[in-house]
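Below, all heavy atoms of this structure are taken into account, side chains as well, without hydrogens, waters or symmetry copies.
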Amino acid sequence: MTRPSTHLTEAQPVTADHDWQDPTSTVEDRVEALLSAMTLEEKVAQLHGVWVRASSDGEPVAPHQHDMSQDPPSWERVIKDGLGQLTRPFGTVPVDPTEGSASLARSQREIMAANRFGIPAVAHEECLAGFAAWTATIYPVPLAWGACFDPELVEQMATQIGRSMRAVGAHQGLAPVLDVVRDARWGRTEETIGEDPHLVATIATAYVRGLQSTGVMATLKHFVGYSASRAGRNLAPVSVGPREFADVFLPPFEMAVREGRAQSVMHAYNDNDGLPAAADHGLLTELLRDTWGFEGTVVADYFGIDFLHKLHGVAESPAQAGALALSAGVDVELPTVHCYGELLVEEVRSGRVPEEVVDRAARRVLRQKCELGMLDPGWSPEAPSGTEIDLDPSEHRALARRLAERSVVLLDNAGSGLPLPAPVGGDDVTDVALVGPLADTEDAMLGCYSFPAHVGRRHPGTETGVDIPTLLASLRAELPDHRIEHAQGCAVDGDSVDGFDAATALARSARVCVVVLGDRSDLFGRGTSGEGCDATDLRLPGTQQELLEALVETGTPVVAVVLSGRPYVLGPVADRLAATVQAFFPGEEGGRAIAGVLSGRVDPGGRLPVSIPRTPGGQPSTYLGPALAQRSQVSSVDPTPRHPFGHGLSYTSFEWTDPRVDGAPAPEEVTEFATDADVMIGCTVRNTGSRSGSEVVQLYLSDPVAQVAQPIRRLIGYARVDLEPGQERAVGFTVHADLSAYTGRDLRRVVEPGDLVLELAASSGDVRHRVRVRLTGPTRIVDHTRRLTCDTHVEPIDEQVSVIG
């Protein structure tokens with residue numbers, strides 16, 4: 001039987017000059033000194049947040065009424081013993097950043113004055129596509145990060161996001177998302193980086209490095225399995241085997257923890273084979289902490305602890321749900337207190353929860369606050385006096401545009417529809433008919449976690465806060481000599497065809513028609529993409545497919561631009577289009593970026609982070625599958641995608657020559673190296689066209705014979721190479737045998753002797769050079785200390801060429 005708490009039940013006065021305030025002491029000593037002086041109530045107070053909203057009049061933040069709350073709690077009651085976190089003070093209502101920062105600072109002063117130790121709260125915010133606050137830069141969504149194949153650029157973006165957050169007093173960001181896409185019908189596909197674990201891992205780890213370089217803690221989400229929900233339904237059960245779990249879903253989190261040193265992890269909502277992630281001790285403690293060495297905090301996804309009681313049915317009460325989650329390893333309940341707080345105090349007092357478990361979580365929270373300087377005597381929550389806070393400076397917009405430009409994917413151009421032709425002049429000639437529901441709306445650029453979509457729509461009449469040019473405005477600015485006319489045609493969703501006649505008439509009168517189709521992102525069924533906006537299949541929403549077909553029937557060349565949060569099938573007319581462009585919610589500068597691609601000013605250098613299916617239903621899948629997942633004679637369903645993972649065209653051309661192994665011409669015979677050694681694979685890429693462009697060299701590994709069925713190929717490295725006309729660069733990858741590891745029959749990860757194929761490819765379906773290698777020596781059992789990435793070498797040419805490892 002667990003003994004009741006022996007700590008004081010009545011708080012005793014605290015005098016100055018205590019050990020926990022001494023910055024010269026170690027963090028561990030300071031935290032232990034503080035923890036030993038705290039009552040149970042004071043420790044528990046550090047383990048939850050309260051949902052607040054900052055004020056534009058400079059008044060302190062106030063508790064926020066939310067759907068899951070009965071009544072807003074009394075602020076004085078909330079802070080009397082201290083407070084762990086403040087939930088989204090800037091991401092709840094539109095608030096001027098300068099005034100909001102002052103409001104948050106005043107609240108921190110009140111929190112510090114209310115508790116005996118003067119401990120402030122950690123303020124956390126969403127930052128998936130930029131800091132989700134009014135007037136903050138809106139960057140492209142994570143799926144666009146994946147399309148860039150450019151971790152360095154993503155790290156720069158995350159650094160800018162972190163600086164904006166620190167400027168207003170935020171300490172923790174709830175990003176990035178490391179879920180690997182398995183079914184693109186899932187509404188949160190737009191929040192993911194792609195369908196390949198290596199791409200997700202490297203891009204997400206770069207984001208973590210960038211954000212944390214500014215002193216803002218990154219939060220990895222959602223740990224783990226969330227994106228494998230049945231039929232792509234949000235919060236649906238997950239039935240994934242242990243090998244898929246280990247080899248597909250866990251590696252991105254492992255890399256972000258080990259190499260990115262992420263400071264926080266958020267548990268997922270889902271259950272895995274019946275066990276909810278929030279109650280999984282094996283996942284949150286044994287794997288994450290005991291094996292991987294994670295030392296940060298595990299925070300709850302919003303209301304996820306209460307869901308153990310309300311949705312999963314594994315707890316009979318909120319109090320029991322809190323006990324389960326805390327014991328499993330969830331340190332902080334978010335967004336507000338339902339299952340911890342007074343209920344948790346009672347669970348400890350009754351002996352049902354050991355106080356040591358509370359101490360464990362409180363120790364982790366206090367350690368982070370100490371590392372942030374929040375326990376130092378001179379810590380101040382105020383921004384520099386008189387500083388006007390600008391969350392969308394010109395350098396942020398410039399990077400947002402750069403990221404958007406590098407994420408646009410040219411899928412098809414067989415009809416030579418792009419770049420758009422030069423104008424012919426004359427008042428009676430329409431050069432471009434720009435039609436479609438997303439041609440002239442800011443919504444086309446926004447993911448569901450951008451502030452205008454996530455919060456702004458609940459505040460009609462409030463200005464967007466940042467300039468978001470539509471594609472129509474951007475294209476007219478890009479092509480001032482072109483006559484560009486616009487017709488909507490139809491809405492994003494719904495069944496109306498009332499606008500078809502005007503759209504088709506405009507198309508017939510034009511030299512070329514650009515139709516802009518896709519999604520409207522929102523939350524919980526209010527949009528066609530976004531959290532809780534799942535799809536039954538991958539047809540375009542509403543009557544957009546019918547509009548596309550009607551436009552093609554006019555005989556005018558049609559260029560399709562798809563602005564979406566997931567891949568869509570364009571049906572039987574896809575082969576009749578003059579060109580097809582894919583962009584994944586490209587942010588505030590997306591209109592200008594796409595206009596630059598359409599005009600030809602920008603080379604479309606993006607590559608697909610998710611496959612584009614050929615048919616809208618049947619079996620949404622990814623390229624990561626063994627032989628039986630491919631086309632075969634034993635099934636009438638052909639899962640071959642229309643465009644494979646990694647696909648993307650350019651306005652120039654590239655030649656791949658000189659395949660090499662260890663610096664010498666690649667031999668026809670097998671190259672051997674040991675199961676604990678490495679080999680260098682490479683080639684030379686030359687721009688053979690007349691204009692500058694980017695090529696993405698992708699390295700895949702194939703293991704033809706293994707203990708268990710393996711994917712036909714899987715990505716293990718990539719390099720984005722920018723080249724001027726006539727330029728060439730040598731690209732090389734140092735491949736350690738560890739990168740061939742997989743989870744074997746006994747669920748241990750193995751590197752075993754045998755033949756492999758290393759493929760230099762332009763996509764998962766376009767292999768340019770194959771190199772056969774053979775691992776020799778004993779089978780090795782490897783663990784979390786194994787090599788996770790290739791060393792990538794790109795021969796330098798000039799300063800403007802981007803090198804990606």
Side-chain angles (χ1 to χ4, degrees), residues 4-14 18 20-21 30-52 60-64 69 72-87 89 104 107-124 171-172 264 297-300 305-306 318-319 321-323 325-327 330-350 353-370 372 374-375 379 381:
S5 170
T6 57
H7 281 287
L8 297 173
T9 58
E10 296 294 332
Q12 303 298 310
V14 176
H18 281 273
W20 66 78
Q21 296 176 310
R30 295 176 68 185
V31 169
E32 292 305 319
L34 178 54
L35 196 64
S36 66
M38 298 175 80
T39 67
L40 174 62
E41 288 80 2
E42 288 167 335
K43 290 184 289 189
V44 168
Q46 295 295 317
L47 306 186
H48 65 258
V50 61
W51 202 322
V52 297
V61 296
H64 178 58
S69 303
S74 161
W75 177 245
E76 292 74 18
R77 181 179 177 182
V78 164
I79 66 175
K80 68 182 180 67
D81 291 314
L83 182 63
Q85 294 222 4
L86 290 166
T87 294
L104 176 58
S107 301
Q108 291 282 31
R109 289 293 183 192
E110 292 183 355
I111 295 168
M112 295 164 69
N115 72 87
R116 295 188 302 145
F117 308 99
I119 306 172
V122 166
H124 76 258
H171 311 97
Q172 181 169 357
S264 188
T297 53
V298 173
V299 301
I305 297 176
D306 209 23
L326 186 67
S327 298
V330 182
D331 303 308
V332 182
E333 182 181 16
L334 296 178
T336 192
V337 59
H338 281 279
C339 305
Y340 284 8
E342 293 175 358
L343 293 180
L344 182 55
V345 169
E346 178 57 31
E347 290 293 292
V348 175
R349 296 276 185 231
S350 68
V353 172
E355 187 166 357
E356 290 79 8
V357 181
V358 172
D359 289 349
R360 180 182 68 180
R363 182 177 291 111
R364 294 165 181 164
V365 171
L366 294 172
R367 182 190 301 123
Q368 288 190 331
K369 290 187 176 183
C370 187
L372 288 168
M374 300 173 80
L375 301 186
W379 185 84

Next item on the list: Measure from the side-chain N and O atoms of R364 to the backbone N and O of V298, and report whether any donor-acceptor pair falls under 3.5 Å.
Entry: no

Next item on the list: Using atom types as modelled and distance alone, determine if a side-chain donor or acceptor of Q108 lies under 3.5 Å from a backbone N or O of A121.
Entry: yes

Notebook entry, point to check: Per the salt bridge (charged side-chain N to carboxylate O under 4.0 Å, His left out) rule, which among K80, R349, R116 passes with E41?
Noted result: R349

Notebook entry, point to check: Under 3.5 Å, side chain of E333 to main-chain N/O of H338, donor-acceptor pair present?
Noted result: yes

Note to self: Checking E32 against W20: is there a side-chain donor and acceptor pair closer than 3.5 Å?
What the structure shows: no

Next item on the list: Could you tell me whether the side chain of Y340 reaches within less than 4.5 Å of the side chain of I305, counting heavy atoms only?
Entry: yes

Check: What pair of heavy atoms forms the shortest contact from T336 to V50, and how long is it?
Finding: OG1-CA, 3.7 Å

Check: Counting distance only, does the side-chain N/O of Q46 pair as donor-acceptor with the main-chain N or O of K43 below 3.5 Å?
Finding: no

Checklist line | Least distance between heavy atoms, D81 atom then A45 atom | finding: O-CB, 3.6 Å

Check: For E342, does the CD atom sit with more than 12 other heavy atoms under 6.0 Å from it, leaving out its own atoms?
Finding: no

Next item on the list: Take K369 and V122 through the side-chain contact (heavy atoms from CB on, under 4.5 Å) test and state the conclusion after the steps.
Entry: CA-CA 7 Å; K369 290 187 176 183; V122 166; 3.9 Å; yes

Next item on the list: Dump the intermediate steps for side-chain contact (heavy atoms from CB on, under 4.5 Å) on M112 and F117, then the final yes or no.
Entry: CA-CA 7 Å; M112 295 164 69; F117 308 99; over 6 Å; no

Checklist line | Atom pair CG (L334) and CH2 (W51), whose distance is rounded to the nearest 0.5 Å | finding: 10.0 Å

Checklist line | CG-CE distance between D359 and M38, expressed to the nearest 0.5 angstrom | finding: 10.0 Å

Note to self: Test side-chain contact (heavy atoms from CB on, under 4.5 Å) on H171 and M374; report intermediate values, then the result.
What the structure shows: CA-CA 10 Å; H171 311 97; M374 300 173 80; 3.9 Å; yes

Margin query: Tell me the closest heavy-atom pair linking A123 and L104, and the distance in Å.
Written below: CB-CD2, 4.2 Å

Check: Looking only at heavy atoms, what is the nearest atom pair of V330 and A300, with distance?
Finding: CG1-N, 3.9 Å

Check: Do the side chains of H48 and L83 get nearer than 4.5 Å, heavy atoms only?
Finding: yes

Margin query: Nearest 0.5 angstrom please: D331 CG to Q368 CD, how far?
Written below: 8.5 Å

Note to self: For the CZ atom of R77 and the CD1 atom of I79, what is their distance to the nearest 0.5 Å?
What the structure shows: 13.5 Å

Notebook entry, point to check: What pair of heavy atoms forms the shortest contact from V44 to G341, and how long is it?
Noted result: CG1-O, 3.4 Å

Margin query: Using side-chain contact (heavy atoms from CB on, under 4.5 Å), reason through V337 and L343 one step at a time and then give a plain yes or no.
Written below: CA-CA 10 Å; V337 59; L343 293 180; over 6 Å; no

Next item on the list: Could you pull out the closest heavy-atom pair between L326 and R360, with the gap in Å?
Entry: O-NH2, 2.9 Å

Notebook entry, point to check: Under 3.5 Å, is there a donor-acceptor pair linking the side chains of Q85 and Q172?
Noted result: yes

Checklist line | Donor-acceptor contact present, side-chain T87 to main-chain P335, <3.5 Å | finding: yes

Note to self: Within this structure, what is the CG-CD distance for the pair L35 and E42, rounded to the nearest 0.5 Å?
What the structure shows: 10.5 Å

